[in-house]
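In this text, all values refer to a predicted model and were calculated from it rather than measured experimentally.
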Amino acid sequence: MQDPHVLATALADLAVASLIEEVSLTPKPGLVDRIDQGSHDDLTFSMMLESANCLHNTFYKMAMAAYDKKPSQYLREKIGEIGREGEAQMYQVTKGINTHKGAIWSLGLLTAAAAIHKEQSEDVALCFTAAEIAQYEDRFIPHQITNGIKAVRKYGVHGAKAEAQLAFPHIRKYSLPVFKKSLTQFDYETAKIHSFLALMANLDDTCLLHRGGLEGLNYAKKYAAKVFTTGKLDELETMNERFKERNLSPGGSADLLAATIYLYKINQFVSSIEDMYATVN
């Protein structure tokens with residue numbers, strides 16, 4: 001695949017599809033899905049879909065910016081600039097509500113990594129290339145204290161920035177291996193649920209910390225671990241009600257689930273291209 005526009009369009013398509021699959025996965029305790037709004041009074045399923053779709057051009061631009069490049073200060077800041085433009089578009093669509101700020105960060109870095117690697121789709125390699133980009137500091141980031149940053153400072157945990165700089169360890173160690181293994185035993189939707197539970201059970205989710213403190217985080221992690229271990233997915237609806245009572249929302253896990261789905265889709269896409277070339281030749 002030599003045409004950068006073809007690759008950039010494909011990656012943007014896959015990124016948006018991954019965001020849509022994440023929000024569409026049902027049930028997801030505390031999060032927006034096809035059934036309800038979870039713990040979010042200000043979000044709706046249709047708003048999340050509209051937000052995801054509006055980011056297509058953002059991911060396309062990130063892929064074009066990274067094509068034939070290497071991780072660098074320039075690339076990090078260019079990705080940051082495009083990401084902030086994407087956030088502005090998102091806020092315009094959602095009337096000021098944060099729907100995908102974290103996902104723009106994680107999927108944006110993986111988009112850049114995939115554009116750098118082109119036809120090479122090995123997910124661990126993409127994670128580490130994304131980490132190389134994330135290691136550079138963006139000197140143009142506006143000074144703002146987000147809820148995630150507050151949680152990181154208050155509780156001394158890793159947030160989205162550190163997760164990327166460490167090459168997405170929760171994806172590499174938990175969600176992606178669980179997803180791939182589950183696909184050999186269950187259907188695609190069930191595999192995503194298992195992947196999501198594995199993330200929630202292991203991630204120090206700053207969204208949970210912001211809403212429920214350490215007690216809320218530990219409650220969610222133990223509950224997720226229990227459902228994951230027992231495999232009793234019919235418990236998810238009750239889990240959703242408990243999360244809503246406590247105002248808990250595992251938003252960080254949701255972002256990493258979307259990134260997990262994205263890595264899988266990139267691998268499938270590149271494999272299909274390789275198969276097509278093999279058939280032609």
Does any non-hydrogen side-chain atom of [Y] lie less than 4.5 Å from one of [X]?
{"X": "R84", "Y": "I141", "answer": "yes"}
{"X": "K61", "Y": "K78", "answer": "no"}
{"X": "V178", "Y": "L197", "answer": "no"}
{"X": "Y262", "Y": "L11", "answer": "yes"}
{"X": "L183", "Y": "Y264", "answer": "yes"}
{"X": "T129", "Y": "P71", "answer": "yes"}
{"X": "L31", "Y": "F196", "answer": "yes"}
{"X": "M200", "Y": "L257", "answer": "no"}

[X] atom [atom1], over 12 foreign heavy atoms within 6.0 Å:
{"X": "K222", "atom1": "NZ", "result": "no"}
{"X": "Q92", "atom1": "CD", "result": "no"}
{"X": "E215", "atom1": "CD", "result": "no"}
{"X": "E237", "atom1": "CD", "result": "no"}
{"X": "D187", "atom1": "CG", "result": "yes"}

[X] and [Y] ion-paired at < 4.0 Å:
{"X": "D138", "Y": "K161", "value": "no"}
{"X": "E137", "Y": "R76", "value": "no"}
{"X": "D255", "Y": "K101", "value": "no"}
{"X": "E235", "Y": "K232", "value": "no"}

Quiz prompt | Stepwise side-chain hydrogen bond (donor to acceptor under 3.5 Å, both in side chains) test for E21 and Y188 | solution = CA-CA 11 Å; E21 282 194 22; Y188 184 60; 2.7 Å; yes
Is it true that a side-chain atom of [X] and a backbone atom of [Y] form a donor plus acceptor pair closer than 3.5 Å?
{"X": "K69", "Y": "Y74", "value": "no"}
{"X": "S106", "Y": "A259", "value": "no"}
{"X": "N267", "Y": "L263", "value": "no"}
{"X": "T184", "Y": "K181", "value": "yes"}
{"X": "E245", "Y": "N247", "value": "no"}
{"X": "S195", "Y": "A191", "value": "no"}
{"X": "Q73", "Y": "Y136", "value": "no"}
{"X": "K28", "Y": "V23", "value": "yes"}
{"X": "N202", "Y": "A198", "value": "yes"}
{"X": "Q37", "Y": "V32", "value": "no"}

Quiz prompt | Charged tip of R246 within 45° of Y219 ring normal and under 6.0 Å | solution = yes
Quiz item: Does K118 count as lying over the ring of Y67, i.e. NZ or CZ under 6.0 Å from the six-ring centre, within 45 degrees of the axis?
Solution: yes
If we count only N and O atoms by modelled type, under 3.5 Å, do the side chains of [X] and [Y] hold a donor and an acceptor together?
{"X": "Q89", "Y": "E85", "value": "no"}
{"X": "S249", "Y": "S39", "value": "no"}
{"X": "D204", "Y": "H158", "value": "no"}

Quiz item: Among L176, I266, L110, I171, whose side chain to side chain contact (heavy atoms under 4.5 Å, CB included) with D123 holds?
Solution: L176
Quiz item: side chain to side chain contact (heavy atoms under 4.5 Å, CB included) with D42: which of T94, I97, N98, T99?
Solution: I97
Quiz item: How long is the span from the NE2 atom in H56 to the CG atom in L14, to the nearest 0.5 Å?
Solution: 9.0 Å
Quiz item: What distance separates S253 OG from L256 CG, expressed to the nearest 0.5 Å?
Solution: 6.5 Å
Quiz prompt | Criterion side-chain contact (heavy atoms from CB on, under 4.5 Å) on L248 and C207, from CA distance to verdict | solution = CA-CA 8 Å; L248 297 176; C207 295; over 6 Å; no
Practice problem: Check the pair F179, I193 against side-chain contact (heavy atoms from CB on, under 4.5 Å), reporting the backbone distance first and the verdict last. | Solution: CA-CA 9 Å; F179 182 60; I193 290 287; over 6 Å; no
Quiz item: How are the rings of H194 and F228 set to each other: parallel, tilted or perpendicular (split at 30° and 60°)?
Solution: perpendicular
Practice problem: Quick one: do S24 and F45 satisfy side-chain contact (heavy atoms from CB on, under 4.5 Å)? Show the steps, please. | Solution: CA-CA 8 Å; S24 300; F45 181 71; 3.7 Å; yes
Self-check item: Intermediate values then yes/no, salt bridge (charged side-chain N to carboxylate O under 4.0 Å, His left out), E132 and K70
Solution: CA-CA 9 Å; E132 283 188 64; K70 293 181 179 179; over 6 Å; no
